[in-house]
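Take a look at the structure below.
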2 protein chains.
Amino acid sequence: MSQFKVISLESIRVACKNCTLTSLCLPMGLSPEDVERLDEIVKRARPLHRGDYLFREGDRFRALYVVKTGSVKTFAPSSEGGEQVLGFHLPGEIIGLDAIDKDVHACSAKILETSAICEIPFTRLEDLTATTPSLQHQMYRLLSKEIGQDTDMLLLLGKKNAEERLAAFLLSLSQRLHKRGLSPSDFYLSMSRHEIGNYLGLAVETVSRLFTRFQEDGLMCVDRKHIQLLNLPALESLVGGSGQGRRQQQQQT
Amino acid sequence: MSQFKVISLESIRVACKNCTLTSLCLPMGLSPEDVERLDEIVKRARPLHRGDYLFREGDRFRALYVVKTGSVKTFAPSSEGGEQVLGFHLPGEIIGLDAIDKDVHACSAKILETSAICEIPFTRLEDLTATTPSLQHQMYRLLSKEIGQDTDMLLLLGKKNAEERLAAFLLSLSQRLHKRGLSPSDFYLSMSRHEIGNYLGLAVETVSRLFTRFQEDGLMCVDRKHIQLLNLPALESLVGGSGQGRRQQQQQT
DNA sequence: ACGCATTCTTGATCCAGATCAAATGGCAGA
DNA sequence: TCTGCCATTTGATCTGGATCAAGAATGCGT
């Protein structure tokens, strides 16, 4: 490759190897050469805005998407008009893995705030993984990780009460933001109370009341969408099974 | 390969290419040659019995398991002693995919009734998929499918009431058994009411009462663990969002 | 066959969180 | 800046399903 090749600043800024998410995203653990090869098939789209769709339920599956900046929610239609929020996706997180099976998207992905998204055409990725064992392994890990996260969510919805659910949600955000070099205790929520409730299987009112209560209890400071977590350990103990000895649905089988 | 090679009856009976599950299991859609290669790494263990563990939470991840006959439940420890049943696995279904990511099992798998299980050492499978594109694709599809199933379950736990959950559970079993050539409307439950309730996020008592009610309504006939579904369409309409116009939590976001 | 333990069923009561209702507060668009 | 629509909060009430409490039915080991 010619050393005189003209490279736009833009392309340098967005290449995987120069991306700050490299340790969280698909390239995680890959050799520089492998990242280079991956880089060649990744498309970087112009920024998308709140309300834009990455894809909709029913769309043909063509590519995986990775959040580069911003945030995205995915949601599936429930029977008769409702919807279930499936997840909120932060930078470095991959969207669309569930569509590989049927080759059709079963959920929709909607941009929550102005975001940059990387697009990875799946067929090309599949070809690449077939010749790059480390990338293949990485794909298996990512798919498996998604399953593990869903499992955590099943446990949350199946066994936890409202308080535990919201605490778990806040801590999850906190931890994920922290991994991305942001403050684990001071952040903005890009989703509405309604979306949080839907995601957690709770009514909006319950979410609102819990925010108020957590604030009264000195666990956090809520100002509109701006959140400050004041007592991480206390939140953690809330999540860990009904905290200070409250009765709890216990099901041994 | 010599045509005089001695092959034990046993090995013939259990080889993937001779297995009746070939169209539901990993080999689905593979060429005969690819199945042959897969066959070489699959280990077939002696039958396991009710209560035996395939693996336990915390075990090192070594292999995927496929139910050949019988049934298996997977479950994860909840905080403080409880557990969440994650799934009931029928012949042809793969267990352990969630452990690829961390290389450790996050859930346990317990045999529900005398079962034959195929074991597929993962490292060898991974090597094989790297040189067998169709098998690699099949793996991606299987992992993706698992995500899709978890998604369905999230919707169930997040949005459906007790009646809808049990109806969905029964229909899921019905459909899966049907695909395996068994009756979709007459079968035995290998799991307890307690396990069903745990899986569906309901108390045992609720499950029991619903069985009684469904029977009273002529939807099914329950005799201990023997189930007969008498009105599949009615069950389907129950699942599809609160059936005959009952109030329902609807959350648009 | 008998006795004990476990699972399942059924009834009564309770409560976390949904639903209903209304006030308040932001923010977007003109 | 004003207007009107949402999003959010807060309060009051209702209810599905959990929890508590017995029985009844099974199954199992001896």
Side-chain angles (χ1 to χ4, degrees), chain A residues 49-51 73 78 82 85 112-114 156-167 188-216 220-227 238 242-243 246-253, chain B residues 49-51 73 78 82 85 112-113 156-167 169 188-216 220-227 238 242-243 246-253:
Chain A
H49 301 285
R50 176 171 179 81
K73 79 161 175 177
S78 165
V85 173
L112 286 172
E113 60 187 319
T114 303
L156 185 108
L157 292 179
K159 296 277 174 292
K160 310 248 182 211
N161 64 27
E163 186 178 78
E164 293 164 339
R165 292 182 197 190
L166 189 63
Y188 282 83
L189 299 175
S190 60
M191 70 295 291
S192 70
R193 303 284 194 269
H194 209 119
E195 288 165 325
I196 295 172
N198 186 311
Y199 176 60
L200 298 175
L202 301 172
V204 206
E205 295 92 329
T206 303
V207 173
S208 180
R209 276 186 253 271
L210 283 170
F211 272 135
T212 304
R213 173 136 59 92
F214 282 178
Q215 182 156 235
E216 285 166 0
M220 61 189 297
C221 184
V222 185
D223 173 31
R224 208 83 179 97
K225 302 206 173 261
H226 180 203
I227 296 295
L238 269 192
S242 68
R246 162 200 297 239
R247 175 187 19 53
Q248 172 76 1
Q249 172 185 7
Q250 272 315 329
Q251 301 177 317
Q252 311 281 2
T253 39
Chain B
H49 300 285
R50 176 169 179 82
K73 79 161 175 177
S78 164
V85 173
L112 287 172
E113 61 187 319
L156 185 108
L157 291 178
K159 296 279 174 291
K160 310 250 182 209
N161 64 26
E163 187 179 78
E164 293 164 339
R165 292 183 197 190
L166 189 63
F169 169 72
Y188 281 83
L189 299 175
S190 60
M191 70 295 289
S192 70
R193 302 284 193 271
H194 208 119
E195 288 165 324
I196 295 171
N198 186 311
Y199 176 60
L200 298 175
L202 301 172
V204 206
E205 295 92 327
T206 303
V207 173
S208 181
R209 275 186 253 272
L210 283 171
F211 271 136
T212 304
R213 173 134 60 92
F214 282 178
Q215 182 156 236
E216 285 167 359
M220 62 188 297
C221 183
V222 185
D223 173 31
R224 209 80 181 99
K225 301 206 173 262
H226 180 204
I227 297 293
L238 269 191
S242 69
R246 163 198 298 237
R247 176 186 19 50
Q248 171 77 0
Q249 172 184 6
Q250 272 315 328
Q251 300 176 317
Q252 310 282 0
T253 39

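Naming convention: chains lettered A, B, ... in sequence-line order (proteins, then strands); numbering from 1 in each chain.
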Shortest non-hydrogen separation from Leu189(A) to Ile196(A) and the atoms involved:
CD1-CD1, 4.0 Å

For Ala162(B) and Thr206(B), the nearest pair of non-hydrogen atoms, with its separation, is CB-CG2, 3.9 Å

Look at the side chain of [X] and decide which nucleotide, out of [options], has an atom nearest to it.
{"X": "Thr206(B)", "options": "dG17(D), dG26(C), dT9(C)", "result": "dG17(D)"}
{"X": "Asn161(A)", "options": "dC8(C), dG17(C), dT8(D)", "result": "dG17(C)"}
{"X": "Arg193(B)", "options": "dT8(D), dC8(C), dA21(C)", "result": "dC8(C)"}
{"X": "Ala203(A)", "options": "dC8(C), dT19(D), dT19(C)", "result": "dT19(C)"}
{"X": "Ser208(B)", "options": "dA18(C), dT9(D), dC8(C)", "result": "dC8(C)"}

When the distance from [atom1] of [X] to [atom2] of [N] is rounded to whole Å, what number comes out?
{"X": "Glu205(A)", "N": "dT9(D)", "atom1": "CD", "atom2": "P", "value": "11 Å"}
{"X": "Leu200(A)", "N": "dA18(C)", "atom1": "CG", "atom2": "C1'", "value": "15 Å"}
{"X": "Glu164(A)", "N": "dA16(C)", "atom1": "CD", "atom2": "P", "value": "12 Å"}
{"X": "Leu189(A)", "N": "dT8(D)", "atom1": "CG", "atom2": "P", "value": "10 Å"}
{"X": "Arg224(B)", "N": "dA24(D)", "atom1": "CZ", "atom2": "P", "value": "16 Å"}
{"X": "Gln215(A)", "N": "dT9(D)", "atom1": "CD", "atom2": "P", "value": "9 Å"}
{"X": "His226(B)", "N": "dA25(D)", "atom1": "NE2", "atom2": "C1'", "value": "18 Å"}
{"X": "Leu166(B)", "N": "dG16(D)", "atom1": "CG", "atom2": "P", "value": "17 Å"}

Check for a donor-acceptor pair, side chain of Lys225(A) on one end and backbone N or O of Met191(A) on the other, with a separation under 3.5 Å.
yes

Verify, without hydrogens or angle tests, whether Arg50(A) (side chain) and Leu112(A) (backbone) share a donor-acceptor contact under 3.5 angstrom.
yes

Mapping Ala162(A) and Asp223(A) to their closest nucleotides on DNA chain C, which lands nearer the 5' end?
Ala162(A)

Given side chain to side chain contact (heavy atoms under 4.5 Å, CB included), test Arg193(B) with Phe211(B) step by step and report yes or no.
CA-CA 10 Å; Arg193(B) 302 284 193 271; Phe211(B) 271 136; 3.3 Å; yes

Do Arg209(B) and dG11(C) share a donor-acceptor pair, side chain to base, under 3.5 Å?
yes

Thr212(A) vs dT10(D): side-chain N/O to OP1/OP2 distance below 4.0 Å:
yes

Does a nitrogen or oxygen in the side chain of Lys225(B) sit under 4.0 Å from OP1 or OP2 of dT7(C)?
no

